[in-house]
> 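I have a structure here, written as structure tokens, and I will follow up with some questions on it.
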Amino acid sequence: MKLEKLPEEFVQAKPVLEKIIEHGFEAYFVGGSVRDILLGREIHDVDIATSAYPEEIKDIFPYTIDVGIEHGTVLVLAGKSEAEHYEITTFRTESKYTDYRRPDHVDFVRDLREDLKRRDFTVNAFACDVNGQIIDLFDGLTDLKERRLTAVGSALERFNEDALRIMRAMRFAATLDFQIENKTFLAMCESAHLLEKISVERIFIEFDKLLLGQDWRNGLTLLLKSGAYKYLPDLQDSALEKVLTDLSVDFHFQNSEQAWAALLTRFSNIDVKTFLRKWKVSNEFAKFVADLVSAYELDSWDLMSLYHFGLEKVLLVDELKVAYGLKINREQAVTINNQLQIHDKSEIVIAGKDLMEEFSLEPGPELGKILKIIEEKIVKNELKNEQAAIFAEVKKML
Ligand code: ATP
Ligand code: MG
């Protein structure tokens, strides 16, 4: 099969491939971008594979960066803008996965077939040459047409080599709206326990992409059906089922934080911070999600809660509440937010040092307490955010 027209992103990269070919090597577009072109989806990164070894690529191009040379990846800077930076990876095989997660070593090879064979699913194992000719060694085109994920080669072996592929299968099912071919699915179920050996950070990335997928219900259903959830930190099947039944069917998560909060609102007996620590997310992410879960528990908004959480989080929570079928007043948050005099402590017109000067106060807990009271009164609109008013209030307190 041949593409009628190369997509713009491939046209732009074409001179890079042609230069490699001029030097006597092979070069192809590979991976997700070829799959996405064939599906008529937008592409987000162009991966190039070549028979040239990393050192040979570095000899061909004047500007390169070793981004992952041990895996055979060199970044070629074909121009100034980031769009003209291309990751070029030498054809390779991966051998022996004794720890079920990373290949013990990669071998560079000159044969495209060897490289395509190591890829996870047939629809991820296409290559496309500079003329748009699609190389499809594993009948991925049929799977693509049937919207089906099929492991390349023996599914059981492939999941045993790298159990992350089990998560990837469910992630692609969610983002592409594909079904999983029978044998591949049975092998996923059989190998699911190997997920315990995969780093939680890598699992998080796949699970997170699954949740943000257009068809996250498909992904989550497969996570339950395969039993894979049992091997991920603290996931409760009853909670995941509730997410599927309770959320309105056409709902899509705005962002990751909202998605994780949506799950956590259905969990029973859970400490959100402990749960997220097990998933090894960043502190910033954990705080955001924990805030959404706490805010979700409030029945209505007031000045204090809007000040504390901020409008962005409050709107994400409102949206989630609507999706979970709760009756809420959707205007309330914006109306209250507009009544706030300040949205952050730094917007108070006086600072600690102003009070120290005016009232000859010493720094310490006493001053901190006064500032806290002032802040709260301003938020609740019991005090104007003006110097004279604040000084008068403090005078009363002293
Ligand atoms: P995305 O659209 O999310 O970028 P992708 O298919 O490009 O999806 P990547 O993680 O970017 O996925 O990987 C690029 C390609 O590398 C895949 O299409 C696949 O061929 C191969 N690949 C990636 N991870 C694995 C893996 N764990 N096992 C086998 N092949 C993999
Ligand atoms: Mg990719």
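Indexing begins at 1, ligand by ligand and atom by atom, following the structure's order.
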> Work out whether the distance between some heavy atom of Glu161 and some atom of ligand 1 is less than 4.0 Å.
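It does not; every heavy atom stays at 4.0 Å or beyond.
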
> Counting N and O atoms only, with roles assigned by atom type, does the side chain of Gln133 sit under 3.5 Å from a partner on the main chain of Met1, one being a donor and the other an acceptor?
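Such a contact is found between Gln133 side chain and Met1 backbone.
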
> Is there at least one pair of N or O atoms, one from Gly32 and one from ligand 1, spaced under 3.5 Å apart?
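Yes - when backbone and side-chain N and O of Gly32 are compared with those of ligand 1, one distance drops under 3.5 Å.
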
> Give a yes or no on whether a salt bridge exists between Glu375 and Lys372, defined as a side-chain N under 4.0 angstrom from a carboxylate O.
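Counted as a salt bridge, because a side-chain N and a carboxylate O are separated by less than 4.0 Å.
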
> I want to know if ligand 1 touches Asp162 in the polar sense, i.e. an N/O pair below 3.5 angstrom.
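Yes, Asp162 has an N/O under 3.5 Å of an N/O on ligand 1.
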
> Applying side chain to side chain contact (heavy atoms under 4.5 Å, CB included), run through Arg168 and Asn124 and close with a yes or a no.
CA-CA 11 Å; Arg168 286 174 58 85; Asn124 285 347; 4.0 Å; yes

> Which atom name would you report as the N, O or S atom of Asp45 nearest the Mg ion (ligand 2)?
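This turns out to be OD1.
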
> Quick one: does Arg119 get an N or O within less than 3.5 Å of an N or O on ligand 1?
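Arg119 vs ligand 1: N/O contact under 3.5 Å present.
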
> Identify, by atom number and element, the atoms of ligand 1 in contact range of Arg118, meaning under 4.0 Å from any of its heavy atoms.
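In order of number, 29 (C), 30 (N).
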
> Salt bridge check, Lys58 against Asp66: does any charged N sit closer than 4.0 Å to a carboxylate O?
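Here Asp66 pairs with Lys58 in a salt bridge, since their nearest N and O are under 4.0 Å apart.
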
> Over 60° means perpendicular and under 30° means parallel, so tell me whether Phe172 and Phe121 are parallel, tilted or perpendicular.
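Ring orientation, 0 to 90° scale: perpendicular.
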
> I need the atoms of ligand 1 closer than 4.0 Å to a non-hydrogen atom of Phe172, numbered in the order shown.
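So the answer, numbered in order with elements, is 6 (O), 8 (O).
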
> In terms of atom number and element, which parts of ligand 1 are under 4.0 angstrom from non-hydrogen atoms of Gly31?
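Going through ligand 1 atom by atom, the ones under 4.0 Å from Gly31 are 18 (O).
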
> Holding to side-chain contact (heavy atoms from CB on, under 4.5 Å), I want the full list of residues that pass it with Ile205, two or more places apart in sequence or in another chain.
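Partners of Ile205 by the side-chain contact (heavy atoms from CB on, under 4.5 Å) criterion, ordered by chain and then number, come out as Lys209.
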
> Heavy atoms only: which of Arg35, Arg171, Arg168 is nearest to atom 25 (C) of ligand 1?
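Of the listed residues, Arg168 has the closest heavy atom.
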
> Leu235: which residues meet the side-chain contact (heavy atoms from CB on, under 4.5 Å) condition with it, sequence neighbours left out?
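Once residues adjacent in sequence are excluded, the partners of Leu235 under the side-chain contact (heavy atoms from CB on, under 4.5 Å) criterion are Phe207, Leu223, Tyr229, Leu232, Leu240, Phe267, Phe275, Trp279.
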
> Which bit of Phe121 gets closer than 4.0 Å to ligand 1, counting heavy atoms only: side chain, backbone, both or neither?
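Phe121 to ligand 1: no contact under 4.0 Å from either part.
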
